[in-house]
S.K.: 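One structure follows; several queries about it will come next.
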Amino acid sequence: MLIKETDPIENDEITDRAHYLRRREFIGAATLTGPSLLWGSRLTAAAALLGGCRGEDTLSAFGAGEDTQAASGGGENAGARKAPSSREMLTGVVPGPPELGSDEAPTSYADATRYNNFYEFGTDKEDPARYAGDFRTRPWSVAIEGEVAKPGSVPLESLLAPHTLEERVYRLRCVEAWSMVIPWVGIPLGKVLERFEPTTKARYVVFETLYDPQQMPGQRRRTLEWPYREGLRMDEAMHPLAILAVGMYGEVLPNQNGAPLRLVVPWKYGFKSIKSIVRIRLTNEEPATTWNQSAPGEYGFYANVNPAVSHPRWSQKRERRIGTLRKRPTLPFNGYAEQVAGLYAGMDLRRKY
Ligand SMILES: Nc1nc2c(c(=O)[nH]1)N[C@H]1C(S)=C(S)[C@@H](COP(=O)(O)O)O[C@H]1N2
Ligand SMILES: [Mo]
């Protein structure tokens with residue numbers, strides 16, 4: 001990865017965290033009012049409670065109502081809704097299982113949305129926030145193909161419709177030795193894959209980011225082989241910690257964080273958590289993945305966070321938590337060893353890095 005040492009960007013952590021915590025209380029309260037707040041529901045207490053946020057936007061995040069296209073006026077641009085405002089709220093979010101979350105203080109919203117890796121929009125940390133603003137995330141479909149009994153191209157709304165959105169507060173550890181704590185909103189990846197009925201030959205799953213150099217200026221240069229691809233072994237993909245995220249901090253994902261749909265695999269280095277996914281393919285063979293192809297000696301297919309295996313150009317023993325000063329020890333599997341170490345029983349993680 002192209003490493004550039006940047007100072008943590010100026011930090012409005014305190015105000016921002018207060019803002020976030022207030023919303024968290026709200027999510028908790030909303031949950032108690034029951035199933036009327038679940039995904040796709042109509043105007044609810046949740047929407048009504050959202051100060052400073054127009055109800056219509058809240059409700060129609062992802063075109064949740066089936067009639068969104070009609071409502072937006074039909075014609076040639078039917079469905080081509082404008083990109084979400086950066087602070088579009090999600091409704092019907094429930095807290096994820098406590099044993100899968102972290103109670104660490106989330107990174108400030110400002111840092112999590114201005115210090116990004118999304119090479120499709122440039123290689124500087126500030127590039128995604130700078131250049132992804134007009135990226136069109138609707139309409140959006142995801143192709144599900146390969147070793148599944150029920151392949152298809154699925155509009156994002158239908159992909160999400162049967163699921164309850166959960167909040168999962170996870171550590172995110174980049175292979176560049178920095179980390180954040182991010183409250184994601186998403187759905188378990190395994191539950192989504194099950195709906196397409198993986199065949200007995202399905203042993204891996206590979207994800208692909210949109211290829212659209214017109215919209216993604218970084219793709220006009222060969223920094224990486226486009227489109228960005230990442231993959232998991234099937235048992236990793238089915239693990240309850242792995243989610244497809246559509247939001248963070250209670251809100252629709254900002255474009256720079258991988259809108260409208262990204263993977264989050266918290267026990268692996270951040271580059272596995274592929275953004276703006278348009279294709280999911282189940283395969284029998286281990287798939288080629290972008291960073292592994294570009295530098296196989298530096299980035300493995302597994303990429304489990306591991307303080308004992310140095311990157312050839314730097315140590316992974318410690319990490320810099322964005323927004324804090326002192327470095328901290330890196331934890332095996334990014335602190336999720338108890339949940340996931342069993343997936344790798346009998347594997348030599350120094351060789352399968
Ligand atoms: N398509 C795509 N996905 C991507 C990347 C990228 O460049 N392109 N960068 C990865 C890396 S290296 C990290 S650390 C995380 C960063 O996610 P964040 O910007 O939301 O913190 O996204 C990952 N997903
Ligand atoms: Mo990363």
Side-chain angles (χ1 to χ4, degrees), residues 1-4 6 8-9 86 106-132 135 137 168 170-186 206-213 215-219 221-232 243-249 251-280 289-295 298-300 303-305 311 314 316 319-323 330 334:
M1 229 147 273
L2 311 175
I3 298 280
K4 197 180 127 202
T6 344
I9 55 176
S86 59
T107 298
S108 78
Y109 182 91
D111 282 347
T113 57
R114 288 187 217 152
Y115 186 91
N116 299 102
N117 276 333
F118 198 171
Y119 279 20
E120 284 82 344
F121 292 99
T123 52
D124 281 355
K125 293 288 180 280
E126 302 79 12
D127 283 344
R130 212 180 279 145
Y131 300 121
F135 179 53
T137 57
R168 302 278 186 97
Y170 286 162
R171 289 176 292 279
L172 173 78
R173 170 56 157 85
C174 178
V175 74
E176 298 163 339
W178 53 262
S179 64
M180 300 193 189
V181 177
I182 300 187
W184 301 106
V185 176
V206 56
F207 305 82
E208 229 176 75
T209 296
L210 179 70
Y211 179 69
D212 186 350
Q215 289 203 80
M216 296 173 139
Q219 289 179 335
R221 290 180 293 145
R222 310 234 9 206
T223 24
L224 290 171
E225 257 185 65
W226 312 112
Y228 195 103
R229 285 198 187 89
E230 260 310 333
L232 298 171
I243 59 169
L244 286 172
V246 296
M248 54 195 257
Y249 300 81
E251 304 169 357
V252 170
L253 275 183
N255 292 346
Q256 60 268 36
N257 293 88
L261 183 75
R262 70 169 298 167
L263 184 66
V264 180
V265 198
W267 69 95
K268 292 177 180 284
Y269 290 121
F271 67 85
K272 300 295 287 184
S273 293
I274 180 173
K275 298 176 167 182
S276 305
I277 296 167
V278 292
R279 190 181 307 279
I280 302 179
T289 53
T290 298
W291 279 105
N292 180 238
Q293 269 180 315
S294 87
E298 303 186 19
Y299 312 106
N304 291 311
V305 174
H311 184 278
W314 60 89
Q316 295 291 23
E319 67 196 47
R320 183 166 62 94
R321 176 68 51 83
I322 302 297
T330 292
N334 199 24

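For ligands, and for the atoms within them, numbers begin at 1 and follow the listed sequence.
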S.K.: Regarding atom 10 (C) of ligand 1: of the candidates W178, W226, Y228, F121, which has the closest heavy atom?
M.R.: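 The nearest heavy atom belongs to Y228.
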S.K.: Keeping the roles fixed (side chain from T289, backbone from R229), state whether a donor-acceptor pair exists under 3.5 Å.
M.R.: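 The answer is no, because no donor-acceptor pair under 3.5 Å joins these two groups.
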S.K.: Apply the side chain to side chain donor-acceptor pair (under 3.5 Å) test between N117 and each candidate in Q256, K275, E176; give the one that qualifies.
M.R.: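 Of all the options given, the one that passes is E176.
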S.K.: Give the atoms of ligand 1, by number and element, whose distance to some non-hydrogen atom of N257 is under 4.0 Å.
M.R.: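 Listed by number with element: 18 (P), 20 (O).
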S.K.: Who's closest to atom 8 (N) of ligand 1 heavy-atom-wise, of E120, M248, R229?
M.R.: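 Answer by nearest heavy atom: E120.
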S.K.: Report, in ascending order of atom number, the atoms of ligand 1 lying under 4.0 Å from any heavy atom of C174.
M.R.: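 Counting from 1, the qualifying ligand atoms are 14 (S).
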S.K.: State which residue, out of R279, R262, K272, fulfils the salt bridge (Lys or Arg N to Asp or Glu O under 4.0 Å) condition with E230.
M.R.: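 Among the candidates, only K272 passes.
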S.K.: Does ligand 1 come near enough to T209 that some N or O of the ligand is less than 3.5 Å from an N or O of the residue?
M.R.: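 Right, the criterion is met.
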S.K.: Hey, do the aromatic rings of Y115 and W178 have their centres closer than 6.0 Å?
M.R.: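 Aromatic pair counts; centres sit under 6.0 Å.
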S.K.: Between ligand 1 and S273, can you find any atom pair, the residue atom being a heavy atom, that is separated by under 4.0 Å?
M.R.: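 The answer is yes, since S273 has a heavy atom less than 4.0 Å from ligand 1.
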S.K.: Any nitrogen or oxygen of K275 lying under 3.5 Å from a nitrogen or oxygen in ligand 1? Just yes or no.
M.R.: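 For ligand 1, there is an N or O atom that lies under 3.5 Å from one belonging to K275.
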S.K.: Give the atoms of ligand 1, by number and element, whose distance to some non-hydrogen atom of I274 is under 4.0 Å.
M.R.: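 Atoms satisfying the 4.0 Å criterion: 3 (N), 24 (N).
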S.K.: Polar contacts were defined as any N/O atom of the residue lying under 3.5 Å from an N/O atom of the ligand; does this apply to N117 and ligand 1?
M.R.: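 Right, the criterion is met.
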S.K.: Judged by modelled atom types alone, do S179 and R173 share a side-chain donor-acceptor pair under 3.5 Å?
M.R.: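 No donor-acceptor contact under 3.5 Å links the two side chains.
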S.K.: Would you say Q316 and H311 are linked by a side-chain donor-acceptor pair, where the criterion is simply a distance under 3.5 Å?
M.R.: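 There is no such pair between these side chains.
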S.K.: Short list, please: which atoms of ligand 1 are under 4.0 Å from a heavy atom of R262?
M.R.: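 Reading through ligand 1 atom by atom, the close ones are 15 (C), 17 (O), 18 (P), 20 (O), 22 (O).
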S.K.: Does any N/O atom on W291 come nearer than 3.5 Å to any N/O atom on ligand 1?
M.R.: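 No - when backbone and side-chain N and O of W291 are compared with those of ligand 1, no distance drops under 3.5 Å.
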S.K.: When rounded to the nearest 0.5 angstrom, what is the spacing between CG in N255 and OG1 in T113?
M.R.: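 Output value for this atom pair is 11.5 Å.
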S.K.: Quick one: does W226's side chain have a donor or acceptor within less than 3.5 Å of a partner on D212's backbone?
M.R.: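 Here the side-chain-to-backbone pair does not exist.
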S.K.: At a 4.0 Å threshold, what atoms of ligand 1 neighbour a non-hydrogen atom of L172?
M.R.: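 Within the 4.0 Å cut-off of L172, ligand 1 contributes 21 (O).
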